[in-house]
Undergrad: 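Here it is, the structure, as structure tokens.
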Amino acid sequence: MISQLVSVEGTYNLRDLGGMRADGGTIAAGRLFRSDALSALGEAGVGQLAGLGITRVIDLRDDGERERSPDALPASAALIPHPIFPSAASHVVRGLDIFGLTEVIYLEHADTLATALALLAEQGEEESEAAGATLFHCTAGKDRTGAVAALALTAVGVSRDDVVADYAASEANLRGEWLDTHLAALARLGLELTPETEGLVGRTPPEALERTLVELDRRFGSVRDYLRASGVSDATLERLHATLVE
């Protein structure tokens with residue numbers, strides 16, 4: 001099972017993580033959402049976002065991305081900036097393909113990924129009804145967002161097959177208008193649209209995540225041990241489970 005696409009005007013990859021089987025139950029519906037950028041919502045999209053009960057939005061983009069395309073949020077939602085890495089553009093300059101980018105996110109930015117999971121777990125410190133729902137996002141909602149989703153889901157016991165399938169689902173959601181628009185924007189900047197660049201922008205091959213998770217197992221023993229080594233305490237893992245699983 002994968003997260004369910006939610007129709008919010010101005011988004012292409014907004015999904016509810018609820019319904020996935022985890023240790024001791026399932027991920028609660030309407031509690032945790034993942035998404036692409038929220039800068040193009042418009043009045044209708046802002047209203048739809050408010051209707052989902054979202055009270056916290058964790059923006060995983062870098063400072064420049066947020067300044068160029070600020071989130072459009074309802075008054076009920078608090079913005080929490082939390083960049084996973086300092087510069088998204090640097091990965092294009094490095095010539096990474098999507099496989100290299102996926103590995104770099106997990107292995108070079110484990111500290112900020114760990115802090116993102118702690119932010120998700122903070123919701124569990126309040127009564128769930130009072131806390132409302134949390135949404136986290138980057139630009140496409142596939143790489144930084146995909147890493148936070150994969151780690152959070154794995155941490156609470158969602159199967160690896162489901163975690164990988166959920167990561168892979170972004171590619172189809174972004175295909176078409178979203179991908180064409182973003183590739184055209186890069187072309188206007190004079191960037192050569194190589195297969196590697198197009199993959200960075202729009203692909204989520206399951207093999208990329210599978211390979212990275214196997215590497216985490218090899219280096220740390222398990223994803224949970226990787227999170228512990230990155231600074232996530234057992235108490236945080238317990239709060240995350242209490243927050244997400246019913």
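Scope of the values below: all heavy atoms of this structure, side chains included, with no hydrogens, waters or symmetry mates.
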Undergrad: Yes or no on side-chain contact (heavy atoms from CB on, under 4.5 Å) for Thr154 and Arg224, after CA distance, side-chain angles and deciding distance?
TA: CA-CA 8 Å; Thr154 301; Arg224 285 174 178 161; 5.6 Å; no

Undergrad: So how far is it from His241 NE2 to Glu246 CD, rounded to the nearest 0.5 Å?
TA: 11.0 Å

Undergrad: CG of Asp71 to CG of Leu38: how many Å apart, nearest 0.5 Å?
TA: 4.5 Å

Undergrad: Before giving the answer on salt bridge (Lys or Arg N to Asp or Glu O under 4.0 Å), spell out for Glu122 and Arg56 the whole-Å C-alpha distance, their side-chain angles and the decisive distance to 0.1 Å.
TA: CA-CA 11 Å; Glu122 283 178 3; Arg56 298 197 311 159; 3.7 Å; yes

Undergrad: If you measure from CG on Asp161 to CE on Met1, what distance do you get to the nearest 0.5 Å?
TA: 15.0 Å

Undergrad: Are His109 and Ser230 side-chain neighbours, meaning at least one heavy-atom pair lies under 4.5 Å?
TA: no

Undergrad: Provide the closest heavy-atom pair for Tyr106 versus Ala147 in the form atom of the first, atom of the second, distance.
TA: OH-CA, 3.2 Å

Undergrad: What's in the same ILVMFWY side-chain cluster as Leu5, cut-off under 4.5 Å, chained through other members?
TA: none

Undergrad: Name the one of Thr102, Val201, Leu200, Ile98 that satisfies side-chain contact (heavy atoms from CB on, under 4.5 Å) with Lys142?
TA: Ile98

Undergrad: Is Leu151 reachable from Ile2 through a run of I, L, V, M, F, W or Y residues, each pair having side-chain heavy atoms under 4.5 Å apart?
TA: no

Undergrad: Take Ser170 and Asn173 through the side-chain hydrogen bond (donor to acceptor under 3.5 Å, both in side chains) test and state the conclusion after the steps.
TA: CA-CA 5 Å; Ser170 287; Asn173 295 338; 5.3 Å; no

Undergrad: Any side-chain heavy atom of Leu17 sitting closer than 4.5 Å to one from Phe136?
TA: yes

Undergrad: Any idea which heavy atoms bring His137 and Val57 closest together, and the distance?
TA: CD2-CG1, 3.7 Å

Undergrad: Any side-chain heavy-atom pair from Gln48 and Thr11 closer than 4.5 angstrom?
TA: no

Undergrad: If hydrophobic clusters are built from ILVMFWY residues whose side chains come within less than 4.5 Å, do Ile54 and Ile80 share one?
TA: no

Undergrad: Any carboxylate oxygen within less than 4.0 angstrom of a Lys/Arg side-chain nitrogen, looking at Arg160 and Asp217?
TA: yes

Undergrad: Would you mind reporting whether Leu237 and Val156 have side-chain heavy atoms less than 4.5 Å apart?
TA: no

Undergrad: Run the numbers on Thr197 and Glu192 for side-chain contact (heavy atoms from CB on, under 4.5 Å), then give the verdict.
TA: CA-CA 8 Å; Thr197 302; Glu192 182 184 1; over 6 Å; no

Undergrad: Using a 3.5 Å distance criterion without hydrogens, assess whether the side chain of Asn13 forms a donor-acceptor pair with backbone atoms of Ala140.
TA: yes

Undergrad: Under 4.5 Å between side-chain heavy atoms, hopping through other hydrophobics if needed: is there a path connecting Ile105 to Leu107?
TA: yes

Undergrad: Starting at OH of Tyr12, measure out to CH2 of Trp178 and round the result to the nearest 0.5 Å.
TA: 10.0 Å

Undergrad: Please name the pair of heavy atoms, one in Ser35 and one in Thr145, separated by the smallest distance, quoted to 0.1 Å.
TA: O-OG1, 3.7 Å

Undergrad: Looking at Arg203 and Asp97, is any side-chain nitrogen of the basic one under 4.0 Å from a carboxylate oxygen of the acidic one?
TA: no

Undergrad: Between Asp162 and Arg21, is the closest basic N to carboxylate O distance under 4.0 Å?
TA: no

Undergrad: Rounded to the nearest 0.5 Å, what separates atom CG in Leu52 from atom CG in Leu14?
TA: 7.0 Å

Undergrad: What is the distance from atom CG of Leu60 to atom CD1 of Ile84, rounded to the nearest 0.5 Å?
TA: 4.5 Å

Undergrad: Other residues, nucleotides and ligands only: do more than 12 of their heavy atoms fall within 6.0 Å of CD on Glu108?
TA: yes

Undergrad: Kindly indicate, with the supporting measurements, whether the criterion side-chain hydrogen bond (donor to acceptor under 3.5 Å, both in side chains) is fulfilled by Ser233 and Thr236.
TA: CA-CA 5 Å; Ser233 67; Thr236 296; 3.0 Å; yes

Undergrad: To check you understand the geometry: which heavy-atom pair defines the closest contact between Val46 and Leu73, and what is its length?
TA: CG1-C, 3.9 Å

Undergrad: State plainly whether the residues Glu171 and Arg175 are in salt-bridge range, i.e. N to O under 4.0 Å.
TA: yes

Undergrad: Would you check, one step at a time, whether the test side-chain hydrogen bond (donor to acceptor under 3.5 Å, both in side chains) holds for Thr139 with Glu65?
TA: CA-CA 8 Å; Thr139 294; Glu65 290 173 293; 2.8 Å; yes

Undergrad: Considering all heavy atoms of both residues, which atom of Leu183 and which atom of Leu193 are nearest to each other, and what is their separation?
TA: O-CD1, 3.7 Å

Undergrad: Side-chain contact, heavy-atom cut-off 4.5 Å: Leu244 with Leu153?
TA: no

Undergrad: With sequence neighbours excluded, tell me which residues meet side chain to side chain donor-acceptor pair (under 3.5 Å) with Asp59.
TA: Arg61

Undergrad: Given the rule that I, L, V, M, F, W and Y join up when any side-chain heavy atoms are under 4.5 Å apart, are Ile58 and Leu49 in one cluster?
TA: no

Undergrad: Hey, does the side chain of Arg34 reach the backbone of Ser3 with a donor-acceptor pair shorter than 3.5 angstrom?
TA: no

Undergrad: Check whether any side-chain heavy atom of Arg211 lies under 4.5 Å from a side-chain heavy atom of Phe99, and answer yes or no.
TA: yes

Undergrad: Do the side chain of Arg31 and the main chain of Thr243 share a donor and acceptor less than 3.5 angstrom apart?
TA: yes

Undergrad: With heavy-atom distances below 4.5 Å as the criterion, would you say the side chains of Thr204 and Leu174 are in contact?
TA: no

Undergrad: Specify the closest pair of heavy atoms between Leu240 and Ala121, including all atoms of both residues, with the distance to one decimal.
TA: N-CB, 3.8 Å

Undergrad: Yes or no on side-chain contact (heavy atoms from CB on, under 4.5 Å) for Leu41 and Glu9, after CA distance, side-chain angles and deciding distance?
TA: CA-CA 6 Å; Leu41 294 188; Glu9 187 175 308; over 6 Å; no

Undergrad: How far apart are the C-alpha atoms of Leu96 and Glu196, what are their side-chain angles, what is the distance that settles it, and do they pass the side-chain contact (heavy atoms from CB on, under 4.5 Å) test?
TA: CA-CA 7 Å; Leu96 295 174; Glu196 289 77 17; over 6 Å; no

Undergrad: Any ring-ring contact (aromatic ring centres under 6.0 Å, His included) involving residues 22-54? Give me the pairs, sequence neighbours left out, ordered by first then second residue.
TA: none

Undergrad: Answer whether the closest heavy-atom distance between the side chains of Glu210 and Leu213 falls below 4.5 Å.
TA: no

Undergrad: Treating Ile, Leu, Val, Met, Phe, Trp and Tyr as nodes and any side-chain heavy-atom pair under 4.5 angstrom as an edge, say whether Val148 and Leu119 lie in one connected cluster.
TA: yes

Undergrad: Indicate yes or no for a side-chain donor-acceptor contact from Thr26 to the backbone of Ala22 under 3.5 Å, with no hydrogens or angles considered.
TA: no

